[in-house]
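Below, all heavy atoms of this structure are taken into account, side chains as well, without hydrogens, waters or symmetry copies.
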Amino acid sequence: MDLITNLMLYLYNEHIYILFYTKTHGMSKERIYTMNISIFYFTPYATASFGITATAAAAVTMMAQYIRPISSIGGGILADRLGRSRMMFIGFIFMGISTAILVLFTNISIPLFIGLCIIIYLAMYLNYSVVFSMMEEGGIPAHVAGTAIGVVCTLGYLPEVVCPVLAGLILDTYTELGYKYYFMGVAVVMLIGIVALILWNRYLKASKKNQEVHS
C-alpha cells in the first residue's frame with residue numbers, strides 16, 4: 001500500500017496531468033482489454049444461444065486475428081485524421097452498441113451475429129492500435145513516460161486476471177443465461193470507457209487553454 005501511495009505522490013509531484021493521464025488512459029486500456037478477453041466467449045455463447053456449430057462459432061472468433069492487421073493500420077490512419085481520443089470514442093460506441101444488441105435481442109440471425117462480431121473486432125483493434133499514442137496527445141514528458149506506462153499497463157491488463165474468474169462465476173451461477181449477464185457487464189464497461197475519454201478530452205481542452213493564457 002505504501003508503494004502505491006508513494007508512486008501516486010511521485011506522479012503528483014512530477015506533474016498533476018501525469019496522474020490524470022495514468023488514471024484515464026489506464027481506464028481506456030482496461031476497457032479495450034476487457035473486450036479483447038471477452039471475445040473468446042463468443043464461441044460458447046453462439047453455440048449455446050443461437051445453435052451455431054462449434055466449428056462455425058470458433059471460425060467467427062478466429063476472424064478477429066484476420067481483421068486485426070487491417071483494423072490496426074486503419075486505426076493509425078484514422079487517428080491522424082480524426083484525433084486519437086475522438087477515434088477511440090467512436091470505437092467504444094460501436095463496441096458498446098454491438099455488445100448491447102447481442103444481449104438485448106434474443107432472436108438474432110447468424111449473419112447478424114457474425115456482422116456484430118466483425119464490428120466489435122474492427123472497433124476493438126482500431127482503439128488498441130493507438131492507445132499508447134495518447135501519451136503524445138497528453139504531452140507526457142519523456143523522463144516520466146516509463147513510470148506512466150507502468151501504471152497504465154498495471155491497470156490496463158487487470159481484465160486478463162479479473163474477466164475469466166468473473167465470467168466463470170457468472171456462468172456457474174446462471175449457466176446459459178450467464179452469457180447475457182456477462183456481456184451486459186461488458187457493454188457497461190464500454191460505457192465507462194466513453195466517460196473516461198470525455199474526461200480526457202475536457203482535460204486536453206483545459207490544458208490547451210492554460211497554455212494559451214501563459215504563452
Side-chain angles (χ1 to χ4, degrees), residues 4 23-68 71 88-129 131 151-199:
I4 296 173
K23 286 184 176 180
T24 54
H25 187 185
M27 286 176 66
S28 296
K29 185 170 179 59
E30 190 176 323
R31 274 58 193 159
I32 298 169
Y33 209 68
T34 296
M35 182 60 78
N36 192 41
I37 296 296
S38 299
I39 64 172
F40 294 103
Y41 292 96
F42 285 166
T43 296
Y45 179 52
T47 55
S49 301
F50 307 128
I52 301 177
T53 64
T55 303
V60 172
T61 303
M62 191 176 62
M63 247 190 329
Q65 303 309 315
Y66 294 95
I67 291 173
R68 182 173 189 163
S71 187
M88 290 182 69
F89 182 84
I90 295 170
F92 277 125
I93 288 176
F94 275 107
M95 282 189 283
I97 291 175
S98 298
T99 305
I101 292 173
L102 285 175
V103 171
L104 297 175
F105 294 91
T106 54
N107 297 322
I108 295 179
S109 64
I110 294 177
L112 178 58
F113 173 75
I114 294 172
L116 290 171
C117 289
I118 290 173
I119 291 172
I120 289 171
Y121 300 153
L122 285 169
M124 180 179 70
Y125 288 120
L126 279 174
N127 284 10
Y128 210 99
S129 64
V131 66
V151 177
V152 166
C153 288
T154 301
L155 295 172
Y157 289 111
L158 277 178
E160 192 165 10
V161 177
V162 175
C163 286
V165 175
L166 184 61
L169 290 172
I170 293 173
L171 292 172
D172 284 345
T173 305
Y174 299 102
T175 61
E176 186 178 323
L177 190 61
Y179 289 109
K180 287 190 176 293
Y181 292 149
Y182 177 75
F183 285 122
M184 196 180 300
V186 172
V188 172
V189 167
M190 296 304 107
L191 179 61
I192 295 172
I194 292 171
V195 172
L197 284 170
I198 290 173
L199 293 174

**Q.** side-chain contact (heavy atoms from CB on, under 4.5 Å) against Ser109, all qualifying residues, sequence neighbours excluded
**A.** Pro111, Leu112
What side-chain donor-acceptor pairs closer than 3.5 Å can you find for residues 42-50, not counting sequence neighbours?
unit_1	atom_1	unit_2	atom_2	d
Thr43	OG1	Ala57	O	3.2
Thr43	OG1	Thr61	OG1	2.6
Tyr45	OH	Leu102	O	2.7
Tyr45	OH	Lys180	NZ	3.4
Thr47	OG1	Thr43	O	3.2
Thr47	OG1	Pro44	O	2.9
Ser49	OG	Tyr45	O	3.3

Q) Among all residues two or more places apart in sequence or in another chain, which pass the side-chain contact (heavy atoms from CB on, under 4.5 Å) test with Thr175? A) none
Q: Output all residues satisfying side chain to side chain donor-acceptor pair (under 3.5 Å) with Ser38, sequence neighbours left out; order by chain, then residue number.
A: Tyr182
Q: To the nearest 0.5 Å, tell me how far Ile118 CD1 sits from Ser71 OG.
A: 12.0 Å
Q | Shortest non-hydrogen separation from Val165 to Val161 and the atoms involved | A | CG2-O, 3.4 Å
Q.
Looking at every non-hydrogen atom in both residues, tell me the closest pair between Ile39 and Met124 and how far apart they are.
A. CD1-CE, 3.9 Å
Q) For the atom pair OH (Tyr41) and CG (Leu171), what is the distance rounded to the nearest 0.5 Å? A) 7.0 Å
Q: Nearest 0.5 Å please: distance from the CG atom of Leu116 over to the CD1 atom of Ile108.
A: 6.0 Å
(Q) Quick check: closest heavy atoms across Phe89 and Leu197, and the distance to 0.1 Å? (A) N-CD1, 3.4 Å
Q. Can you name the residues that form a side-chain contact (heavy atoms from CB on, under 4.5 Å) with Ile110, not counting sequence neighbours?
A. Ile52, Ile114
**Q.** Over all atoms of both residues, closest heavy-atom pair of Gly91 and Asn127
**A.** CA-OD1, 3.7 Å
(Q) Less than 4.5 Å apart, side chain to side chain, heavy atoms only: is that true for Ile32 and Met88? (A) yes
Q. Which atoms form the tightest heavy-atom contact between Thr34 and Cys163, and what is the distance?
A. CG2-SG, 3.9 Å
Q. Which residues satisfy the side chain to side chain donor-acceptor pair (under 3.5 Å) test with Glu176, sequence neighbours excluded?
A. none
Q. Side-chain contact, heavy-atom cut-off 4.5 Å: Met35 with Tyr125?
A. no
Q: Using side-chain contact (heavy atoms from CB on, under 4.5 Å) as the criterion, list what pairs up with Ser129, not counting sequence neighbours.
A: Ser72
Q) Can you name the nearest heavy-atom pair linking Pro159 to Pro164, along with the distance? A) O-CD, 3.5 Å
Q) Would you say the side-chain atoms of Thr99 pair up with the backbone N or O of Met95, donor to acceptor, closer than 3.5 Å? A) yes
Q) Is there a side-chain contact between Val60 and Tyr121, using heavy atoms and a 4.5 Å cut-off? A) yes
Q) Does Tyr181 have any ring pair (Phe, Tyr, Trp, His ring centres under 6.0 Å) partners at least two apart in sequence or in another chain, and if so, which? A) Tyr174
Q) Roughly how far apart are Tyr157 OH and Asn36 CG, rounded to 0.5 Å? A) 9.0 Å
